[in-house]
Amino acid sequence: MLSEFLDTSDEWITTRTGIKTRHILTDERFEDLATEASARAIEAAGLCPDDIDYIICSNVSNYYVTPHLASIIQGGLGIKGPNCPTMDINVACVGFVYGLDICDALLATGRAHNILLVAAEECTRFCDWTDRNCSVLFGDGAGAVVLTQGDNLLARHMTSTPMRDVIVYRNPMEPTPFETGEGIDTHHALEMKGREVFRMAVTSASRDISQVVADAGLTFDDIDYFLLHQANLRINEAIRENLKQPEEKFPTNVQRFGNTSSAAIPLLLDEGVREGRIKRGDLLLMSAFGAGFVTGTAIVRY
Ligand code: ACO
């Protein structure tokens with residue numbers, strides 16, 4: 001389908017990225033996808049929406065700068081408030097792991113008891129669909145979890161290194177009557193230096209995973225599953241080879257969903273749990289990289 005309007009081929013996309021299909025929102029609403037994922041997570045936790053006392057939403061895709069998506073989801077779930085604070089975080093693809101870190105702090109201090117953490121992305125809206133470098137990589141998706149007392153992280157490592165130009169997407173901007181317009185870039189499509197991101201992703205994930213596992217007093221063999229950001233199968237394969245761990249400990253779904261940014265890890269988690277592969281008590285290591293350049297790695301016992 002893509003090769004009908006782009007100078008690309010199924011063979012190129014498959015061998016360079018591993019991606020075979022991706023899901024693209026058409027007439028559905030992005031916020032409905034986010035709300036549905038949230039409702040399913042609350043149901044899976046055996047709770048009802050009114051039990052939720054904090055909502056954190058990771059996304060870079062909300063149609064509104066304000067109101068934030070977490071409050072729209074709150075409305076969609078029928079939670080009237082006002083005693084359920086909501087907020088969005090934008091840490092690009094690492095939002096879910098940064099979100100876990102924030103939830104960990106809220107739970108540890110007793111300021112929240114049942115937190116809905118949702119990641120929802122409509123990446124395909126950022127693409128210039130005439131640019132084969134980016135548009136073949138992305139898909140849309142949403143995933144959510146409920147975290148409760150006791151769901152604390154065993155170890156985590158979050159990083160941020162200012163690199164403005166490796167992955168860039170600009171907010172729409174028009175000059176005001178007080179400016180000449182000089183210096184305002186009105187280009188509205190995602191741009192990235194793919195090869196550079198590839199190298200940084202493999203190096204930083206291999207480093208961060210080793211550190212977090214050591215911080216938790218564990219070895220790689222103790223980890224049941226490595227849930228890595230799903231950007232490119234070759235990136236994950238290179239990380240796996242560095243860690244010298246078996247393939248079955250690295251579930252993937254980039255083949256079917258493409259890169260869904262911060263939704264990728266909760267989608268993997270959800271599939272693993274619903275298919276019965278991930279079981280209560282398993283040690284899960286989650287690791288992601290993304291625009292910033294940021295990385296986040298955490299270990300949680302499911
Ligand atoms: N179809 C056909 N040819 C293509 C395509 C395409 N879709 N895209 C690029 N090419 C061509 C290039 O033009 C280049 O041609 P040339 O050799 O004549 O110059 C050739 O293929 C090789 O290009 P490379 O960039 O070297 O290909 P590479 O193997 O590095 O794969 C890719 C490119 C897939 C982008 C890879 O670098 C990658 O996955 N990088 C990481 C991207 C990423 O993770 N981004 C994160 C985004 S942020 C977030 O997650 C939200």
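We use all heavy atoms of the structure for the numbers below, so side chains are in, but hydrogens, waters and symmetry mates are not. Whatever order the structure lists ligands and atoms in, that order sets their numbers, starting from 1.
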Ring centers of Y63, F30 separated by less than 6.0 Å: yes

Check ion pair R234-E237 (N to O, under 4.0 angstrom): no

Show me, pair by pair, the donor-acceptor contacts under 3.5 angstrom made by side chains of residues 96-104, not counting sequence neighbours?
| residue | atom | partner | partner atom | Å |
| --- | --- | --- | --- | --- |
| Y98 | OH | T159 | O | 3.0 |
| D101 | OD1 | R156 | NE | 2.9 |
| D104 | OD1 | N152 | ND2 | 3.3 |
| D104 | OD1 | L153 | N | 3.1 |
| D104 | OD2 | R156 | NH2 | 2.2 |

Test item: D51 side-chain N/O and C48 main-chain N/O as donor-acceptor pair under 3.5 Å: yes

Parallel, tilted or perpendicular: rings of F289 and H229 (30°, 60°): perpendicular

Cation-pi, F226 ring and R240 (6.0 angstrom, 45 degrees): no

Residues in contact with ligand 1, criterion: heavy atom under 4.0 Å: D7, T8, W12, R16, T17, C93, R132, N133, V136, L137, F138, I167, M192, G194, R195, V197, F198, H229, A231, N232, R234, I235, N259, S261, F289

